[in-house]
2 protein chains.
Amino acid sequence: MDNTETYYTNQTSHSIQNLLSFGLSIDCVVFGYHNGEVKVLLIERDIEPFKGSWALIGDLVSPSVDLASAASEVLSNLTGLKNIFLEQFTTFGSIDRHPAGRVITVGYYSLVKSTAQKPLASSWAKSSKWFNINNLPNLAFDHQDILGKGLETLKRGVRYRPVGFELLPHKFTLLQLQDLYEAILGCTFDKPNFRKKILGMDLLVPLNEVESNVSHRPAKLFQFDRERYLHLQEEGFVFDI
Amino acid sequence: MDNTETYYTNQTSHSIQNLLSFGLSIDCVVFGYHNGEVKVLLIERDIEPFKGSWALIGDLVSPSVDLASAASEVLSNLTGLKNIFLEQFTTFGSIDRHPAGRVITVGYYSLVKSTAQKPLASSWAKSSKWFNINNLPNLAFDHQDILGKGLETLKRGVRYRPVGFELLPHKFTLLQLQDLYEAILGCTFDKPNFRKKILGMDLLVPLNEVESNVSHRPAKLFQFDRERYLHLQEEGFVFDI
DNA sequence: TCAAAAGTGTTCCGAATACACCCATGC
DNA sequence: GCATGGGTGTATTCGGAACACTTTTGA
């Protein structure tokens with residue numbers, strides 16, 4: 001890796017230092033859902049810069065690991081969360097976005113099935129907390145922008161792909177599903193029509209189970225059938241709410 | 001930028017070298033359209049590695065310029081193209097994607113109004129050429145993947161946002177527009193219905209001009225009204241073909 | 001007058017909407 | 001019984017698909 005200069009002769013100033021002078025980090029917007037509220041997991045920084053500020057789940061990346069693995073590792077190191085939905089959206093590269101130097105960050109977003117447990121395993125963070133997306137604190141770095149873009153991505157994604165189920169327990173009622181969509185998209189749906197539409201897709205498996213401990217008629221529980229979705233998708237079906 | 005170590009104490013091996021050992025590049029999938037064919041602009045590499053191979057419009061990025069500016073510069077340096085549609089899609093970060101070391105690349109795609117002119121201004125490339133997207137040569141690096149992802153992004157984008165117009169001349173006929181959509185999406189549309197739908201959106205301004213030199217009834221020319229689109233968008237209108 | 005493409009109108013069908021209504025459970 | 005949410009059925013409306021048709025030009 002000595003004379004990378006020769007690989008790109010049209011740029012005049014590609015010394016080795018220039019070629020190698022980027023830091024790379026990953027910032028992950030972790031979304032959760034509980035009691036009708038869409039939430040984001042943030043950590044409180046216990047170190048400078050932005051000590052005491054809230055921030056996204058993020059860290060620098062080691063050059064020895066590829067991007068997708070790095071994202072999983074960051075998430076698992078800082079929260080203990082593994083094997084959950086994790087997808088790249090946008091890369092942020094303003095010159096001054098990190099006070100320590102030029103750091104590019106790749107934005108990921110993640111969807112968690114339950115916000116009940118405290119997901120922090122071990123980290124340099126003082127604490128972690130779920131925040132309602134409509135009531136966020138000030139964030140470190142440019143994390144406000146990143147979170148905003150991530151939320152946009154979620155809103156778009158949830159309409160055309162069956163990713164909403166990643167935020168619900170495996171077994172859920174149709175009303176829970178509808179409430180989730182209403183919370184994310186900020187609108188309301190007609191209950192009978194929502195049922196017809198979602199059941200008509202033939203993607204939900206009705207279970208022989210109902211809610212319990214509710215002071216009204218208990219609702220049937222359903223489960224998302226991923227195999228079925230993949231099969232339908234191959235035939236040209238497109239999920240659309 | 002001496003002791004970045006202290007900023008991220010949960011990672012054990014963040015020496016300065018590790019923090020700073022990423023190369024950053026931009027690869028841009030430049031799309032064009034001509035005579036019913038969707039095309040991609042490629043350059044023939046005149047230097048190692050992959051000398052003689054075709055590659056996307058791409059180059060290393062200097063740490064002193066931000067990501068969006070870098071993308072414009074790469075495009076303009078290698079093709080002379082300026083002020084055209086340019087948008088980020090995905091970032092690629094496999095460990096071994098560049099033989100010279102760890103280089104992350106941010107994928108952009110660009111839409112060009114005419115593939116008629118030879119867009120190469122000056123570069124380290126032997127030549128440049130427009131290739132039909134259905135008849136591509138072998139590509140350098142992981143550019144096959146990047147191009148594929150870029151094409152996916154274009155297909156999705158063209159359906160829900162009025163970006164198709166970026167590939168047509170300012171004045172165009174409805175059939176040209178329809179042919180463009182059919183070429184990109186790989187399907188056919190019913191002519192009367194396509195007209196009704198697109199005109200019903202109220203986004204096209206009919207000009208007092210017609211085609212010339214055609215051996216049939218000349219078609220009216222239209223123009224895309226961007227102001228109108230932005231206005232409608234604010235009212236909640238979503239472009240959809 | 002013919003070919004070729006521009007451009008219009010009309011019917012039909014299915015999906016989305018808007019509601020009205022009944023059902024099961026806890027208190 | 002009654003409050004609460006679960007669950008079903010139906011009439012209406014709207015947009016898209018299919019397709020038949022007329023118009024205008026060059027050769």
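Letters A, B, ... mirror the listed sequences (proteins, then strands); counts begin at 1. Note that the coordinates shown come from a computational prediction; the quantities given were computed from them, not determined experimentally.
A straight line from CE of M201(A) to C1' of dA15(C) spans 12 Å, rounded to a whole angstrom. Protein atom CD1 of I241(B) is 11 Å distant from nucleotide atom P of dA17(D), rounded to whole Å. In this structure, CZ of R195(A) is placed 19 Å from P of dA20(C), rounded to the nearest angstrom. We find that CG of D179(A) is positioned 11 Å from C1' of dG5(D), with the value rounded to whole Å. The CZ-C1' distance, from F194(B) to dA17(D), rounds to 15 Å in whole Å. Here the C1' atom of nucleotide dG7(D) and the CG atom of L199(A) are 10 Å apart, to the nearest Å. Atom CD of Q176(B) and atom C1' of dA6(C) are 13 Å apart (whole Å). When rounded to the nearest whole Å, the span between CG of L174(B) and P of dT23(D) equals 20 Å.
Checking dG7(D), dT17(C), dT8(C) against every side-chain atom of K196(A), the shortest atom distance belongs to dT17(C). Minimum atom distance to the side chain of L175(A) is reached by dG6(D), of the listed dG9(D), dG7(C), dG6(D). The nucleotide whose nearest atom lies closest to any side-chain atom of H216(A) is, among dG6(D), dA20(C), dA6(C), dG6(D). Out of dA18(C), dC19(D), dT23(D), the shortest distance to the side chain of D190(A) is found at dA18(C).
A salt bridge does not link E235(B) to R228(B): none of the charged side-chain nitrogens sits closer than 4.0 Å to a carboxylate oxygen. Ionic pairing of E166(B) and R226(B) is present here: one or more N-O contacts between side-chain nitrogen and carboxylate oxygen are shorter than 4.0 angstrom.
The phosphate of dG7(C) (OP1 or OP2) has no side-chain N or O of R217(B) nearer than 4.0 angstrom. For the OP1/OP2 pair of dA16(C) and a distance below 4.0 Å, the side-chain nitrogens and oxygens of K197(A) include at least one atom meeting the criterion.
With respect to S25(B), the side-chain contact (heavy atoms from CB on, under 4.5 Å) criterion is satisfied by exactly one of D59(B), T105(B), V106(B): T105(B).
With hydrogens and angles ignored, a donor-acceptor pair under 3.5 angstrom links the side chain of K191(B) to the base of dG7(C). Side-chain N/O atoms of K220(A) and base N/O atoms of dG6(D) include no donor-acceptor pair closer than 3.5 Å.
Minimum heavy-atom separation, R97(A) to D142(A): NE-OD2, 2.8 Å.
Separating the CZ atom in F85(A) from the CG atom in L167(A) is a distance of 9.0 Å, to the nearest 0.5 Å.
Closest-nucleotide positions on DNA chain C for V214(A) and P192(A) were compared, and the one nearer the 5' end corresponds to P192(A). Each of N193(A) and P218(A) was assigned the nucleotide of DNA chain D with the nearest heavy atom; the assignment lying further toward the 5' end belongs to P218(A).
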